[in-house]
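Following: one structure in structure tokens, then a few remarks.
Counting starts at 1 for both ligands and their atoms, following the listed order. Position 1 is the first residue of the sequence, and the numbers go up from there.
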Amino acid sequence: MSQWVDYRALKQSIGIAQVLSSYHVPLQPVGGNQLRGRCPLPTHGSERSRESFSVHTAKNVWACHSASCCDARQGRVGGNILDLVALLERCSIREAALRLQEGWSTGSRVCEQLASRGSSSSPAPLQPLSFSLPLSWHPYLAQRGIDSSTAAQFEVGYYAGPGFLRGRIAFPIHDSEGRLVAYAGRSIDGSEPRYLFPPGFRKSQVVFNLHRACREVAARPAGCVIVEGFFDCLRVHQAGYSKVIALMGVNLSELQENLLLARFREVVLMLDADEAGRRATQQLAARLRESVSLHIAEVPSGRQPDQLSSEEIELILLQSEGAFRT
Ligand SMILES: [Zn+2]
């Protein structure tokens, strides 16, 4: 079956800078919507032309002025994001479009984000993905203390396919209705950034694992554990606390706050016990204290929930008096 691809929508909605950053191509801004740097294309053989590659972010186009690089591309100086990905991935334009579509899911989301940039209006809601990635078990998950049943429950796994998540552990992210809206990818070989999110995705619009944490909540009052990261969330869940959600960082947006307050009367803050986590804990506690019954989990200094054993997690949560083990 041939999949339908909207080339025009892709070219319009996906920013070339985002595409290049997903390939970890370092470029420097040189003013006037332009970026410049070393050419990342496989057609580029010249060692001398270090700054031959340029990008115009407003026009969403690229060019490399190295003569040998142009020759290897049938004399073409540059092109759009589809040409670019086709060259980088050594694939056809159609294949490149499919990869972009997969990696970026909904171009409209990026469009809407770009359209709303600079305005104070609330961001467009996340659109459900029309596909899911084939993921498999990887020993890295065991290294992080995740067992196979937890990985299966969260549908987390290694992605070997094409696109920006290639070679990463992919975490499916769902909206509060349980619809898949994005994947985040964790590198497993130490490469930076450790976590990749699709361009256009805003962590502030969604709470990781909220749909599962709410599943058994028949009626309020009910409580949840709030952690920072994906692995924290999986480990706390694995320790027997299924009502756990992750902020994917230390920030709580107004939208996230509303999602939580609409569902929970009691929360336990279990952020990392580093400086950023401690500071965020104090801020969130001050913010949430009036709306919910609030507890703070005493994570040992310098540690984070995903580094704790199930027994340690249980002990800490029992001591924090958030009594909603499930
Ligand atoms: Zn080049």
Side-chain angles (χ1 to χ4, degrees), residues 3 5-107 109-111 113-114 117 133 159-168 170 183 185-201:
Q3 201 181 335
V5 201
D6 188 340
Y7 294 115
R8 196 161 152 261
L10 284 172
K11 281 193 279 187
Q12 286 178 351
S13 61
I14 300 176
I16 191 162
Q18 294 169 325
V19 174
L20 285 161
S21 80
S22 80
Y23 285 97
H24 311 300
V25 178
L27 296 172
Q28 299 301 319
V30 289
N33 296 320
Q34 295 212 57
L35 307 171
R36 193 170 279 280
R38 186 172 241 175
C39 178
L41 301 175
T43 47
H44 198 94
S46 168
E47 285 296 321
R48 284 174 299 135
S49 45
R50 286 175 169 267
E51 298 279 302
S52 62
F53 189 78
S54 64
V55 159
H56 198 291
T57 53
K59 293 177 183 163
N60 223 27
V61 295
W62 61 273
C64 173
H65 291 276
S66 154
S68 59
C69 190
C70 293
D71 284 348
R73 290 182 273 109
Q74 286 79 45
R76 293 196 57 186
V77 176
N80 57 46
I81 56 165
L82 297 176
D83 308 314
L84 179 67
V85 171
L87 284 162
L88 287 168
E89 299 269 4
R90 296 178 168 84
C91 67
S92 69
I93 297 287
R94 181 180 158 75
E95 191 56 34
L98 286 169
R99 289 177 191 197
L100 280 167
Q101 188 162 273
E102 181 185 74
W104 271 266
S105 65
T106 53
R109 194 162 74 215
V110 184
C111 261
Q113 191 214 346
L114 291 173
R117 186 180 292 167
L133 299 178
Y159 180 59
F164 81 113
L165 290 175
R166 171 165 48 194
R168 287 175 174 256
Y183 284 94
R186 171 65 159 92
S187 70
I188 58 173
D189 57 2
S191 63
E192 296 286 339
R194 283 186 301 159
Y195 284 94
L196 271 181
F197 291 86
F201 175 80

Output all residues satisfying side-chain hydrogen bond (donor to acceptor under 3.5 Å, both in side chains) with Ser187, sequence neighbours left out; order by chain, then residue number. none
With a cut-off of 2.8 Å, does Cys70 put an N/O/S atom close enough to the Zn ion (ligand 1)? no
Given Val5, which partner from the list Ile93, Leu98, Leu100 fulfils the side-chain contact (heavy atoms from CB on, under 4.5 Å) test? Leu98
Heavy-atom neighbours of Glu192 CD exceed 12 at 6.0 Å: yes
Got a donor-acceptor contact below 3.5 angstrom from the Asn60 side chain to the Ile16 backbone? yes
Do any of the N, O or S atoms of Cys64 sit under 2.8 Å from the Zn ion (ligand 1)? yes
Have a look at the Zn ion (ligand 1) and estimate, to 10 degrees, the angle subtended by ND1 (His44) and SG (Cys39). 100°
